[in-house]
Amino acid sequence: MARGSWQVHPHHAAPVDPVIFFNLVMQFIFSFLTSTQAYVVSGGTGRPLDTTLFYSLYVYNRSFQIGANVGYGSALAWVLLLVVATFTAVVFLSSRFWVYYDTPEN
């Protein structure tokens with residue numbers, strides 16, 4: 001019976017370089033800031049049917065466009081900060097299991 005490579009080595013995973021880890025974290029953070037493209041395409045409205053209304057564009061609209069409620073927009077921005085900070089903390093705490101740092105043995 002033939003065994004696949006995962007069945008032969010079930011506990012071995014490809015080590016992740018710290019540079020890849022850094023790029024993963026940075027791309028996640030910047031993925032929440034994709035409002036420029038949506039603003040250009042929809043004129044800042046998120047139309048048609050709010051398909052281009054990303055969260056960062058919604059924060060911008062609530063803060064400066066729709067009714068100009070800066071306090072509500074600030075609260076939305078804090079929620080965005082908490083979401084990004086939580087994900088970043090989880091990734092950093094779990095990185096010791098899947099990020100390989102080449103350190104010399106003593």
Side-chain angles (χ1 to χ4, degrees):
M1 184 161 120
R3 298 179 71 175
S5 62
W6 183 252
Q7 292 172 337
V8 174
H9 304 287
H11 300 291
H12 297 278
V16 175
D17 189 20
V19 174
I20 296 172
F21 172 69
F22 173 77
N23 284 326
L24 171 78
V25 171
M26 294 306 292
Q27 286 298 319
F28 177 78
I29 291 170
F30 288 132
S31 70
F32 279 101
L33 305 175
T34 57
S35 61
T36 305
Q37 296 90 344
Y39 187 84
V40 170
V41 169
S42 68
T45 60
R47 291 197 175 104
L49 300 174
D50 292 336
T51 55
T52 60
L53 187 60
F54 296 114
Y55 189 77
S56 56
L57 183 59
Y58 182 70
V59 170
Y60 173 78
N61 282 339
R62 284 298 186 179
S63 299
F64 304 111
Q65 299 290 324
I66 304 170
N69 191 350
V70 178
Y72 183 67
S74 176
L76 291 173
W78 275 103
V79 169
L80 176 63
L81 174 70
L82 290 176
V83 168
V84 170
T86 301
F87 173 80
T88 305
V90 167
V91 169
F92 268 98
L93 291 174
S94 70
S95 68
R96 64 183 170 126
F97 299 111
W98 53 277
V99 178
Y100 176 72
Y101 294 98
D102 190 17
T103 58
E105 297 293 327
N106 292 334

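No hydrogens, no waters, no symmetry mates; every other heavy atom, side chains included, goes into these values.
Separating the OG atom in Ser94 from the CZ atom in Phe21 is a distance of 7.0 Å, to the nearest 0.5 Å. Note that CG of Leu81 and OG of Ser74 are 10.5 Å apart. Values are rounded to the nearest 0.5 Å. A distance of 8.0 Å separates OH of Tyr39 from CG of Asn61, quoted to the nearest 0.5 Å. Taking CG of Leu57 as the start and OG1 of Thr36 as the end, the distance is 9.5 Å to the nearest 0.5 Å.
Under the 4.5 Å side-chain heavy-atom criterion for Ile, Leu, Val, Met, Phe, Trp and Tyr, Val41 and Tyr58 are members of distinct hydrophobic clusters. In the hydrophobic cluster analysis, where Ile, Leu, Val, Met, Phe, Trp and Tyr join through side-chain heavy atoms closer than 4.5 angstrom, Val79 is grouped together with Ile29. Put simply, Leu80 and Phe54 are part of two different groups of oily side chains (I, L, V, M, F, W, Y) that touch within less than 4.5 Å, one to the next.
Smallest separation of non-hydrogen atoms from Gly73 and Ser63: CA-OG, 3.0 Å. Heavy atoms only, all atoms of each residue included: Thr52 and Arg47 are closest at OG1-O, 3.6 Å.
Pairs of residues two or more places apart, or lying in two chains, that qualify as ring pair (Phe, Tyr, Trp, His ring centres under 6.0 Å) and include a residue from residues 66-91 are Phe28-Phe87.
In terms of the ring-ring contact (aromatic ring centres under 6.0 Å, His included) criterion, Tyr55 has no residue partners (sequence neighbours excluded).
Counting heavy atoms from C-beta outward, Trp98 and Val91 have side chains that approach closer than 4.5 Å.
Within a 6.0 Å sphere centred on CG of Leu82, other residues, nucleotides and ligands contribute more than 12 heavy atoms.
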